[in-house]
Amino acid sequence: MRKALSRFASGVTIVTTAESSHKDSVHGMTANAFTSVSLDPPLVLVSIANRARMNTKISETKRYGVSILASDQEPLSLHFAGAASQPDLVKFVWRQGVPLLEGALVHLSCTVTNSHLAGDHTLHIGQVEELWYDDGRPLVFYTGSFRALELQRTEGDLGF
Ligand code: FAD
């Protein structure tokens, strides 16, 4: 399962949450199980392992932020996966009382509308309350490795 699905290339996000904008209560984790769900209303979802500390925290705060990482933010991704500690790189900005990672390509501040238990993960559907984005190269995760995109259009590109 892991090997097959790792052939679906994804971006990399840091999901964050905090209790009522309290700076000391911020918690973050790396996640690539993120998807857009609906445009009207604007909904996204993140799939969080039931055993992750983040799962309990989102269930309590009912808010989360999604920062879509740029290609130079791999160290942050490792940090928030508990793989290689880099606390000096961690800088938060706040939108709608939700912490987000400085230097990311996209910031989404979300309020949880529904949470669905799905096997060993929970799907947290969030309504986007505020978004911000910048141009740049995304960090990519593919076959278990971090990659950077060559931003080259294919011949049949439909230009969405
Ligand atoms: P912890 O493991 O306790 O915390 C994670 C790390 O973040 C720790 O090192 C902690 O020090 C640091 N941290 C937390 N808050 C702060 C803060 N305020 N300031 C500074 N540092 C902080 N898991 C999923 O459930 N779903 C996914 O979609 C998913 N995708 C992944 C994609 C990739 C590319 C990788 C590498 C991992 C992915 N994981 C995913 C695994 C997940 O990131 C780890 O299991 C993570 O450790 C779970 O975090 P936790 O909430 O249990 O907290």
Side-chain angles (χ1 to χ4, degrees), residues 1-38 43-128 131 136-150:
M1 177 87 167
R2 217 184 260 274
K3 283 195 172 171
L5 296 186
S6 71
R7 272 129 183 101
F8 187 63
S10 74
V12 182
T13 77
I14 307 295
V15 176
T16 38
T17 195
E19 292 158 23
S20 317
S21 312
H22 289 159
K23 292 201 169 141
D24 294 343
S25 70
V26 177
H27 183 69
M29 71 161 256
T30 304
N32 68 339
F34 161 78
T35 190
S36 158
V37 172
S38 160
L43 301 174
V44 295
L45 79 73
V46 289
S47 176
I48 307 288
N50 296 330
R51 63 161 195 268
R53 291 210 298 147
M54 180 57 83
N55 198 45
T56 312
K57 298 217 174 247
I58 291 182
S59 302
E60 287 168 0
T61 62
K62 305 282 185 208
R63 311 276 323 270
Y64 64 83
V66 178
S67 302
I68 299 180
L69 297 187
S71 58
D72 62 354
Q73 292 184 305
E74 181 180 329
L76 269 184
S77 165
L78 292 170
H79 174 84
F80 281 101
S85 185
Q86 300 264 15
D88 295 348
L89 296 181
V90 178
K91 291 189 176 58
F92 296 109
V93 293
W94 292 76
R95 296 183 192 276
Q96 302 282 329
V98 173
L100 293 142
L101 270 298
E102 213 173 271
L105 291 182
V106 178
H107 288 159
L108 306 175
S109 301
C110 307
T111 296
V112 174
T113 58
N114 282 294
S115 295
H116 302 278
L117 183 64
D120 56 9
H121 279 57
T122 298
L123 311 179
H124 295 283
I125 298 178
Q127 175 140 356
V128 179
L131 65 77
R137 283 169 187 264
L139 183 61
V140 174
F141 198 60
Y142 178 67
T143 60
S145 301
F146 292 99
R147 319 266 178 156
L149 268 188
E150 287 294 328

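In each ligand, atom 1 is the first atom listed, and ligand 1 is the first ligand listed. Position 1 is the first residue of the sequence; numbering continues from there.
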Between side-chain atoms of residues 136-145 and protein atoms elsewhere (two or more places apart, or another chain), which donor-acceptor pairs fall under 3.5 Å?
from	atom 1	to	atom 2	distance (Å)
R137	NH1	L149	O	2.5
T143	OG1	R147	NH2	2.7

Among protein heavy atoms, which sits nearest to atom 49 (O) of ligand 1, and what does the distance come to when rounded to 0.1 Å? M29 CB, 3.5 Å
Specify whether the nearest protein heavy atom to atom 45 (O) of ligand 1 is under 4.0 angstrom away. no
One finds that the ligand 1 atoms under 4.0 Å from a non-hydrogen atom of I48 are 25 (O)
Nearest-neighbour protein heavy atom for atom 6 (C) of ligand 1, which is reported as residue plus atom name and distance: H79 O, 3.4 Å
Shortest protein contact, atom 14 (C) of ligand 1 (heavy atom only): G28 O, 3.3 Å
Find all atoms of ligand 1 within a distance of less than 4.0 Å from any non-hydrogen atom belonging to S47, and give their numbers and elements. 24 (C), 25 (O), 26 (N), 27 (C), 28 (O)
I'd like to know if the side chain of T13 reaches the main chain of V66, judged simply by a donor and an acceptor atom lying under 3.5 Å from each other, with no hydrogens or angles considered. no
Does even one non-hydrogen atom of P87 get within less than 4.0 Å of ligand 1? no
Selected option - heavy-atom contact closest to atom 35 (C) of ligand 1, from T30, I58, L101, V90: T30
Please state which option from V26, N32, L139 has its nearest heavy atom closest to atom 17 (C) of ligand 1. V26
Heavy atoms only: which of A33, S85, P99, A84 lies closest to atom 28 (O) of ligand 1? A33
Mind checking the OG1-CG spacing from T16 to L108? Nearest 0.5 Å is all I need. 10.0 Å
Pairwise side-chain contact, I125 with H116, heavy-atom cut-off 4.5 Å (strictly under): yes
Could you pull out all residues at least two apart from Q96 that satisfy side-chain hydrogen bond (donor to acceptor under 3.5 Å, both in side chains)? E130
Atom 33 (C) of ligand 1 touched by protein (heavy atom, under 4.0 Å): yes
Using only atom types and a distance under 3.5 Å, with no angle test, would you say the side chain of Q86 pairs donor to acceptor with the backbone of S77? no
Output the list of atoms in ligand 1 that are nearer than 4.0 Å to some heavy atom of M54, sorted by atom number. 51 (O)
In ligand 1, which numbered atoms sit nearer than 4.0 Å to a non-hydrogen atom of G82? 6 (C), 9 (O)
Taking only heavy atoms of A49, which atoms of ligand 1 are found under 4.0 Å from at least one of them? 24 (C), 25 (O)
Among F80, F146, F141, closest by heavy atom to atom 13 (N) of ligand 1 is F80
